[in-house]
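Structure, as structure tokens:
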2 protein chains.
Amino acid sequence: MSHTPGVRQAQKQKTRQALLDAGLRLLEDQSLSSLGLREVTRVVGVAPAAFYRHFRDMADLGVALVEEALGSLHAMIRTVLAEQDGAQERIDRTVEVVAAHVRAHPAHVRFVARERHGGVRAVREAIGEQLALFADEVAEVLPGQSELTGWSERDAHMLAALYVDHLVMTASAFLEATPEEAERIAGRARQQLRLINLGCRHWLDE
Amino acid sequence: MSHTPGVRQAQKQKTRQALLDAGLRLLEDQSLSSLGLREVTRVVGVAPAAFYRHFRDMADLGVALVEEALGSLHAMIRTVLAEQDGAQERIDRTVEVVAAHVRAHPAHVRFVARERHGGVRAVREAIGEQLALFADEVAEVLPGQSELTGWSERDAHMLAALYVDHLVMTASAFLEATPEEAERIAGRARQQLRLINLGCRHWLDE
DNA sequence: CAATCCGGAGAACGGTTGTTTACTGAATGA
DNA sequence: TCATTCAGTAAACAACCGTTCTCCGGATTG
């Protein structure tokens with residue numbers, strides 16, 4: 001049944017990862033629908049035909065990148081939102097974590113922001129699916145916050161969607177900003193989250 | 001000084017517009033950085049070289065499309081926000097107007113959403129610039145709302161940015177949605193705006 | 001009317017693209 | 001040990017690309 005690592009499989013995964021890395025790098029200043037197969041293989045230093053041993057086409061490589069880019073996010077935000085400190089502390093920490101993530105993985109963030117509405121259907125849909133899943137997770141964790149006791153599931157989902165969209169917005173704002181603009185972006189994001197949180201506290205008053 | 005219309009100039013503007021229209025159409029299922037010059041001229045039925053009589057390159061055509069797509073928006077939202085009805089009515093009307101705009105100009109909306117973070121720097125910056133201008137306009141009109149008396153200019157701008165981002169989000173959500181999903185999207189957008197508005201009403205309490 | 005302008009045509013250029021084919025040679029497994 | 005598997009190679013393919021050049025013919029101008 002050969003589920004041993006194997007020198008063969010290891011090497012294959014290695015060049016596969018090299019293709020993904022090269023693709024991600026090239027996508028920093030162009031979009032997926034214009035990224036050429038030969039362009040990628042040239043960077044890796046491999047024959048064009050070798051590409052087909054790993055991906056059917058560029059769209060296929062794209063969806064692989066989606067999983068790589070969004071896979072790590074889930075656990076992170078889950079833990080951040082689960083913190084039981086006050087609202088202000090949670091907001092500060094969230095923005096902080098987002099900023100750190102953008103600094104650590106700028107290419108991944110850029111890829112997601114760019115291809116979320118990009119020209120390749122399969123990738124667009126993969127990102128949309130992942131973000132929807134993401135919103136579901138957030139919606140599940142939200143009831144743990146004191147401001148949200150008594151909220152309907154529907155309302156929680158509405159809020160979760162707003163959070164996720166705002167998160168993506170903030171991340172891509174960090175991306176396009178110079179280092180000296182970063183603090184201004186962060187401050188604004190915090191205030192916006194405060195505003196939303198304020199709305200939450202009075203949601204059941206009307 | 002020849003500022004007469006002239007048969008010459010008229011025909012030139014006509015094919016220029018044809019190039020823009022063809023480009024916009026082709027951009028519905030690809031992104032600008034992969035759109036070919038010949039592809040556009042082929043649709044218009046004109047020689048490839050003729051392209052250069054109107055645009056330096058594809059990026060140039062792109063920024064022209066940005067102005068075409070975002071130019072009409074300004075006046076519209078200005079009038080919507082200026083309405084002095086209650087908050088609920090204003091929210092309903094805003095979402096309604098956005099939905100109508102997406103239905104009327106889907107290609108323009110798609111273009112803006114796609115190229116806002118797209119692979120062509122000049123176009124990306126042009127859109128960012130226009131949206132920032134847009135936020136400025138919104139920030140100027142906002143103090144007319146009763147909920148926002150006593151707000152600092154900085155806070156008004158923070159809110160305006162949130163509104164603009166939410167608007168773009170909502171518009172592109174409408175775009176990707178099937179007709180039967182549209183009402184769900186609209187309902188969610190309205191609730192999100194209500195939540196934000198609720199936050200506004202208590203912004204100066206803390 | 002004659003001179004000029006200028007949007008567009010047409011052909012040619014060097015270069016790049018995605019994909020297929022037959023192949024090599026090392027890891028694999030009986 | 002020997003046959004098999006298979007990731008990667010090398011070459012060839014037709015199709016397409018952006019750009020440049022020269023030229024045409026109708027509008028414009030004086």
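We name chains A, B, ... by the order of the sequence lines, and we start the count at 1 in each one.
- Rounded to whole angstrom, the span from the CD atom of A:Gln9 across to the C1' atom of D:dC6 amounts to 10 Å.
- With a 6.0 Å radius and a threshold of 12 heavy atoms from other residues, nucleotides or ligands, A:Glu89 has its CD atom above the threshold.
- Proximity of residues 20-45 of chain A to DNA chain C (heavy atom under 4.0 angstrom from any strand atom) is restricted to A:Gly36, A:Leu37, A:Arg38, A:Arg42.
- The main-chain N or O of B:Arg90 is found under 3.5 Å from a side-chain atom of B:Thr94 such that the two form a donor-acceptor pair.
- Side-chain N or O atoms of A:Thr170 include one that pairs as donor or acceptor with a backbone N or O of A:His166 at under 3.5 Å.
- Residues from residues 48-67 of chain A placing a heavy atom under 4.0 Å of any atom in DNA chain C, listed by number, are A:Ala49, A:Tyr52.
- Contact annotation: B:Thr15 does not reach the phosphate of C:dG7 (side-chain N/O to OP1 or OP2, under 4.0 Å).
- In the set D:dG8, C:dG8, C:dG25, C:dG25 carries the atom at the smallest distance from any side-chain atom of A:Arg8.
- B:His74 has its side chain within reach of B:Glu137: a pair of non-hydrogen atoms, C-beta onward, lies under 4.5 Å apart.
- A donor-acceptor contact shorter than 3.5 Å links the side chain of A:Glu181 to the backbone of A:Thr178.
- For the pair B:Glu28 (side chain) and B:Ala107 (backbone), a donor-acceptor distance under 3.5 Å is absent.
- Within 6.0 Å of atom CD in B:Glu83, more than 12 heavy atoms from other residues, nucleotides or ligands are found, so the atom counts as buried in its surroundings.
- Going from atom CD of B:Gln11 over to atom P of D:dG25 covers 18 Å, rounded to whole Å.
- In this structure, A:Gln192 contributes its side chain and B:Met158 its backbone to a donor-acceptor pair below 3.5 Å.
- For A:Lys12, whose side chain is taken as the heavy atoms from C-beta onward, the closest listed nucleotide among D:dT28, C:dG8, D:dA7 is D:dA7.
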